Amino acid sequence: MKKMFNALLAASMLTSFAAVPITVIAAASPLPAIQTEEKTYEAEKITDLDTIKNMINDFTAESKIGLKVIAKEKISDKYADKYVYLRWNTENASDYDKFGEFLWKNNIDDKLLEFIPFDTDGEENELNRISELLYYYVKDNNIPATVFGVDPDFIENKVTVEYYWKNEDVTEQIKAFLAENNIDTNLVSFAVEEAQAVDTILKLTVVEINNDTLILMPDKDSFISKNYSRFALPTKYLDNIEPSVGMKLDIDYGAGSGILSTYPAKFSNVKSVTVLSETAEIVKGDANLDDQADMADVVLIMQALANPNKYGENGSNLNHLTGLGKLNADIDGDGLTVGDAQALQKILLGL
């Protein structure tokens, strides 16, 4: 066992393996739900602001992600004691995933976090001043919009205001505020909130079942998969249908609703859920659900077997083996064992 494990890990370091073509097999019958006794996603949340602030400071210092906790003295007295204020300063997309995983693992109430679009410590400039003014104006007047500050993903060298779908009147309201304060309107751009304007129906696949919560993965070609890799949905939305790993769903989260940026992400409202299929599509060898079989899958199988609390089903690691991944990884159909990792390695080696 130990020699095989070492050999598999050593093989994972090789760079000459290309992903092999995948095989899709429709299961003959609905797969049974996989129940666990691990943690649930409805655990009591941490709500003390000082505790949250200290935890985030410790995490950012250790993880080196580009996120800063803002001292409340830098925030308007009206709001200073209501939230923990944060500001992103990163171009690394993985920083967002790491922070989301941190919040989830530590049961921190993300509704108590507020991300500001202006720099409280940098050199003062007009765009930063406009970002701060608009941020407080939107909050003071409960305007359905988000101020992003200068964001290259929208328009460079302008403050971007993103308003929610069917709230086009926001632009005129904010332009009037800018005029009242002698601010050049050419320094502000407006964008409609993309998710609401494009679609409110998502196709998702059940990859795990954790007590009364489904963990879902969006289709790879879905616009939402760029920002959210996992969703959580209470099983109650399936009514009397027995959930199963691999089940495919259409979820309509309703016009005017949104997605909460937790990990896994959640819907602020669910209008309807339609079961498209109760059978799983098995992709042989694809343990990590990236639609291909390669050495990364061999490593994940061995990690899940060697350290199930961290890498097994419902494990603590963000990239643990899911219920659907376990079905894919079971090459010989007799349960997940070291033999499956060995069999997949032979396939990759062409043996």
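These numbers were taken from a predicted model, which means no experiment stands behind them. Scope of the values below: all heavy atoms of this structure, side chains included, with no hydrogens, waters or symmetry mates.
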Which atom of Asp297 lies closest to which atom of Ala287, heavy atoms considered: OD1-N, 3.0 Å
Please state whether the rings of Phe231 and Tyr228 are parallel, tilted or perpendicular, taking 30° and 60° as the class boundaries. tilted
When you measure from the side chain of Asp95 to the backbone of Phe99, do you find a donor-acceptor pair of N or O atoms at a distance under 3.5 Å? no
Aromatic Tyr79 / basic Lys139 pairing, under 6.0 angstrom, 45° off normal: yes
Under 3.5 Å, is there a donor-acceptor pair linking the side chains of Asn128 and Asp119? no
Is any side-chain heavy atom of Arg230 closer than 4.5 Å to a side-chain heavy atom of Leu318? no
Consider only side-chain heavy atoms of I, L, V, M, F, W and Y, link residues closer than 4.5 Å, and tell whether Ile174 and Leu127 are in one cluster. yes
Quick check against the 3.5 Å criterion: does Asp330 have a side-chain atom that pairs as donor or acceptor with the backbone of Leu327? no
Closest heavy-atom contact between Thr60 and Leu67? CG2-O, 3.6 Å
Any idea which heavy atoms bring Asn186 and Asp184 closest together, and the distance? N-OD1, 2.9 Å
Spacing of CZ belonging to Phe190 relative to OG1 belonging to Thr185, to within rounding of 0.5 Å: 8.0 Å
Of the non-hydrogen atoms in Leu214 and Pro243, which two are nearest, and what is the gap between them? CD2-CB, 3.6 Å
Is it the case that one hydrophobic cluster holds both Ile241 and Leu324, taking links as side-chain heavy atoms less than 4.5 Å apart, direct or via other members? yes
Does atom CG of Asn54 have more than 12 heavy-atom neighbours, drawn from other residues, nucleotides or ligands, at distances under 6.0 Å? yes
Would you check if there is a donor-acceptor pair between the side chains of Lys310 and Ser316 at a distance under 3.5 Å? no
Give a yes or no on whether a salt bridge exists between Lys98 and Glu101, defined as a side-chain N under 4.0 angstrom from a carboxylate O. no
In a check of side chain to side chain contact (heavy atoms under 4.5 Å, CB included) between Tyr137 and each of Asp140, Leu133, Asn141, which one passes? Asn141
Output for pair (Ser63 OG, Ile56 CD1), nearest 0.5 Å, gives 11.0 Å
Rounded at 0.5 Å granularity, tell me how far CG in Leu321 sits from CG in Asn314. 10.0 Å
Side chain to side chain contact (heavy atoms under 4.5 Å, CB included) evaluation trace for Ile52 with Leu113: CA-CA 9 Å; Ile52 294 174; Leu113 306 181; 3.9 Å; yes
Can you find a heavy atom in the side chain of Leu238 that is under 4.5 Å from one in the side chain of Leu249? yes
Hey, mind stepping through Glu62 and Asp58 against side chain to side chain contact (heavy atoms under 4.5 Å, CB included) and telling me if it holds? CA-CA 6 Å; Glu62 179 182 351; Asp58 290 343; over 6 Å; no
State plainly whether one hydrophobic cluster holds both Ile65 and Leu86, where clusters connect Ile, Leu, Val, Met, Phe, Trp and Tyr through side-chain heavy atoms under 4.5 angstrom apart. yes
Less than 4.5 Å apart, any side-chain heavy atom of Val159 and any of Val147? yes
Is any side-chain heavy atom of Glu208 closer than 4.5 Å to one of His320? yes
Quick one: closest heavy-atom pair of Ile46 and Asn106, and the distance? CD1-O, 3.2 Å
Given Trp88, which of Phe118, Phe148, Tyr96 fulfils the ring-ring contact (aromatic ring centres under 6.0 Å, His included) condition? Tyr96
Look at Lys236 together with Asp212 and state whether they make a salt bridge at an N to O cut-off of under 4.0 Å. no
Is the shortest side-chain heavy-atom distance between Thr322 and Ile215 below 4.5 Å? no
Taking side chain as C-beta onward, heavy atoms only, is Ile70 less than 4.5 Å from Glu114? no
So among Thr90, Asn92, Asp97, which one has a side-chain hydrogen bond (donor to acceptor under 3.5 Å, both in side chains) with Ser94? Asn92
In terms of hydrophobic clusters joined by side-chain contacts under 4.5 Å, are Met295 and Val338 together? yes
Mind checking the CD1-OG spacing from Ile116 to Ser76? Nearest 0.5 Å is all I need. 12.0 Å
Take Asp252 and Thr274 through the side chain to side chain contact (heavy atoms under 4.5 Å, CB included) test and state the conclusion after the steps. CA-CA 8 Å; Asp252 185 348; Thr274 303; over 6 Å; no
Do Leu103 and Tyr263 land in one hydrophobic cluster if side-chain heavy atoms of ILVMFWY residues count as linked below 4.5 Å? no
When you compare the side chain of Leu112 with that of Asp110, does any pair of heavy atoms fall below 4.5 Å? no
At what distance, to the nearest 0.5 angstrom, does CZ of Phe102 lie from CE of Met55? 4.5 Å
So does Tyr311 get a backbone contact from the side chain of Asn317, meaning a donor-acceptor N/O pair under 3.5 Å? no
Find out whether Ile251 and Leu216 are in side-chain contact, i.e. whether some heavy atom of one side chain is under 4.5 Å from a heavy atom of the other. yes
Roughly how far, to the nearest 0.5 Å, is the CE atom of Met217 from the NZ atom of Lys248? 7.0 Å
Please check if the side chain of Arg87 supplies one atom and the backbone of Pro117 the other of a donor-acceptor pair under 3.5 Å. yes
Please say whether more than 12 non-hydrogen atoms of neighbouring residues, nucleotides or ligands are located less than 6.0 Å from CG in Asp77. no
Let's go through Leu300 and Asn319 carefully: what are the C-alpha distance in whole Å and the side-chain angles of both, what is the deciding distance for side chain to side chain contact (heavy atoms under 4.5 Å, CB included) to 0.1 Å, and is it a yes or a no? CA-CA 9 Å; Leu300 180 57; Asn319 299 310; 5.9 Å; no
Taking all non-hydrogen atoms of both residues, which atom of Phe115 and which atom of Tyr135 are closest, and how far apart? O-CE1, 4.3 Å
